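Contents: one structure, followed by commentary.
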2 protein chains.
Amino acid sequence: MNNLDFIGKHGKAVSVAKHDYVFMQGDDDENLYAVRSGLLKAYYVSPEGKETIKSFLRPGGMIASLTAAHKKEACTFNLLALEDSQLVKVAFSDLYEAANQTHAIALEMRDFLLVLSMKKEQREYEFLNLSAEERYQKFAHENPELIDQLTQNDIARYLGVTPVALSRIKKRLR
Amino acid sequence: MNNLDFIGKHGKAVSVAKHDYVFMQGDDDENLYAVRSGLLKAYYVSPEGKETIKSFLRPGGMIASLTAAHKKEACTFNLLALEDSQLVKVAFSDLYEAANQTHAIALEMRDFLLVLSMKKEQREYEFLNLSAEERYQKFAHENPELIDQLTQNDIARYLGVTPVALSRIKKRLR
DNA sequence: TCAATTTTTTAACCTGGGTTAATTACAAAT
DNA sequence: ATTTGTAATTAACCCAGGTTAAAAAATTGA
């Protein structure tokens, strides 16, 4: 189910009800979370109160505020449950240390970070090369289930446009 | 100098003159490159011929087309020398295998990928949350040397705008 | 030094998306 | 069923940035 064996063995279960926060921007939560069930969103809020969504998390997904976890800084984004969710957490530093001690764990971590890097490069590609309309089409195509589960507001904030703009894009496409 | 000991020991030197390609979009170059000297740009070209820049590479930097290297697909971008450059390369699969065998190498790889992930998250943040003007100011602030070395064209294509737009942004700021 | 080329700026015009606000459509709860 | 709140659509207006083209400035090379 989960790529990180270490989390299975050493993780602590965390349950969050719909609309609960796992952590908030400004916290210093240094944990890595693996999602077992449910649906969550990781999102930034700007000083002016504007929201943008970094990613959606579904079962099998993992997330940590890497800067918070690794550089001991405050979390730069919020993690909020969109549905009742079950997660498992471990202190990032424990995982990091365990990898230093144990080859197999270092490999798990490498593979996790390789997948994460590829995902983030993909997103970079989309922002650099695709229009908002194309990003929407790609997202809809790759995440047919999410399209119904999420509000248009959240989808728009993930794509980097306003909900009003996304409404116009959808109209254009039909 | 270089974080990846493995490359120092097993890498092959590669020299490229200014305006030479290290690899091109469509190639299946499965190597990881570490930059020893010089300056390069990694960039996409769309089917319509539009260019966008993924990243600039300076001494100490490392790059691979991760999908090409790991998933055995074709490179999705070009790597071009903006100045005469020296690089060292290793087959990504050799590095991956060596990490499987040797704990220390797995750790080097983990650390490299952790840094890469953090950089890419940073860029995601910038596209999601900053205007073109703010991205330019941040880039100029964090890369004072590059600002003189690069053409405005390249800076613009890195920021995700046209050179004309960047010229306007600079005018606005002075 | 002068011609050729590349880079940068400027201008005119257009378009996608932001903003605000009002309207409509849905959903949940009593 | 009716209220209450939330989500989505629409409209009007504005602006940043795209596009095209021309002009000016800076580099490069012979």
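Every chain is numbered from 1, with letters handed out A, B, ... down the list of sequences. Since this is a predicted model, take the numbers as computed values, not measurements.
- Checked against salt bridge (Lys or Arg N to Asp or Glu O under 4.0 Å), A/Glu145 has the following partners two or more places apart in sequence or in another chain: A/Arg58.
- Relative to the axis of its first five pairs, the axis of the last five pairs of the helix from C/dT1-D/dA30 to C/dT30-D/dA1 sits at 40°, rounded to 10 degrees.
- Nucleotide C/dG16 holds its P atom 17 Å from the CG atom of A/Leu159, rounded to whole Å.
- By the side-chain hydrogen bond (donor to acceptor under 3.5 Å, both in side chains) test, B/Thr102 pairs with no residue at all, sequence neighbours left out.
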Quick one: which protein N/O atoms are closer than 3.5 Å to N/O atoms of nucleotides 4-8 of chain C? Pair and distance per line, please.
from	atom 1	to	atom 2	distance (Å)
C/dT8	OP1	B/Gln152	N	3.1
C/dT8	OP2	B/Gln152	N	2.8
C/dT8	OP2	B/Asn153	N	3.3

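- Contacts between residues 131-147 of chain A and DNA chain C, defined by a heavy-atom separation below 4.0 Å, involve A/Ala132, listed by number.
- Closest of all the heavy-atom pairs between A/Ala99 and B/His103 is O-NE2, 2.7 Å.
- Under a 3.5 Å cut-off, the side chain of A/Asn143 and the backbone N or O of A/Phe139 do form a donor-acceptor pair.
- Cation-pi geometry between B/Arg123 and B/Tyr158 is satisfied (NZ or CZ under 6.0 Å from the ring centre, within 45° of the ring normal).
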Ignoring hydrogens and angles, write down the donor-acceptor pairs under 3.5 Å from the side chains of residues 126-133 of chain A, residues two or more places apart or on other chains.
from	atom 1	to	atom 2	distance (Å)
A/Glu126	OE2	A/Lys138	NZ	2.5
A/Asn129	OD1	B/Thr52	OG1	2.5
A/Asn129	ND2	A/Tyr125	O	3.1
A/Ser131	OG	A/Glu134	N	3.2
A/Ser131	OG	A/Glu134	OE1	3.3
A/Glu133	OE1	A/Arg172	NE	2.9
A/Glu133	OE1	A/Arg172	NH2	2.8

Quiz item: How does protein contact run along nucleotides 19-30 of chain C, one letter per nucleotide 5' to 3', with B for base contact, S for sugar-phosphate only, - for none, heavy atoms under 4.0 Å?
Solution: BB----------

Quiz item: Should B/Leu113 and A/Leu116 be marked as a side-chain contact (heavy atoms from CB on, under 4.5 Å) after you check the CA-CA gap, both sets of side-chain angles, and the distance that decides it?
Solution: CA-CA 9 Å; B/Leu113 290 169; A/Leu116 180 61; over 6 Å; no

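- Listed by chain and residue number, B/Asp5 satisfy the salt bridge (Lys or Arg N to Asp or Glu O under 4.0 Å) test with B/Lys9 (two or more places apart in sequence, or in another chain).
- Pairing each heavy atom of B/Ala42 with each of B/Ile63, the nearest pair is CB-CD1, 3.6 Å.
- No hydrogens or angles considered: a donor-acceptor pair under 3.5 Å links the side chains of A/Gln86 and A/Ser15.
- Nucleotides of DNA chain D that come within less than 4.0 Å of any heavy atom of chain B span, from the 5' end to the 3' end, D/dG17 to D/dT20.
- No side-chain donor-acceptor contact under 3.5 Å links A/Asp111 to the backbone of A/Glu108.
- The side-chain tip of A/Lys54 points at the ring of A/Phe77 from less than 6.0 angstrom away and within 45° of straight on.
- When the side-chain nitrogen and oxygen atoms of A/Arg172 are compared with OP1 and OP2 of C/dT15, none of them lie within a distance under 4.0 Å.
- Legend: side chain to side chain donor-acceptor pair (under 3.5 Å) pairs involving residues 70-83 of chain A, not counting sequence neighbours, sorted by first then second residue: A/Gln25-A/Asn78, A/Glu30-A/Lys72.
- By the side-chain hydrogen bond (donor to acceptor under 3.5 Å, both in side chains) test, B/Glu51 is found to be paired with B/Lys41, residues two or more places apart in sequence or in another chain being considered.
- The side-chain hydrogen bond (donor to acceptor under 3.5 Å, both in side chains) check on A/Ser55 picks up nothing, with sequence neighbours excluded.
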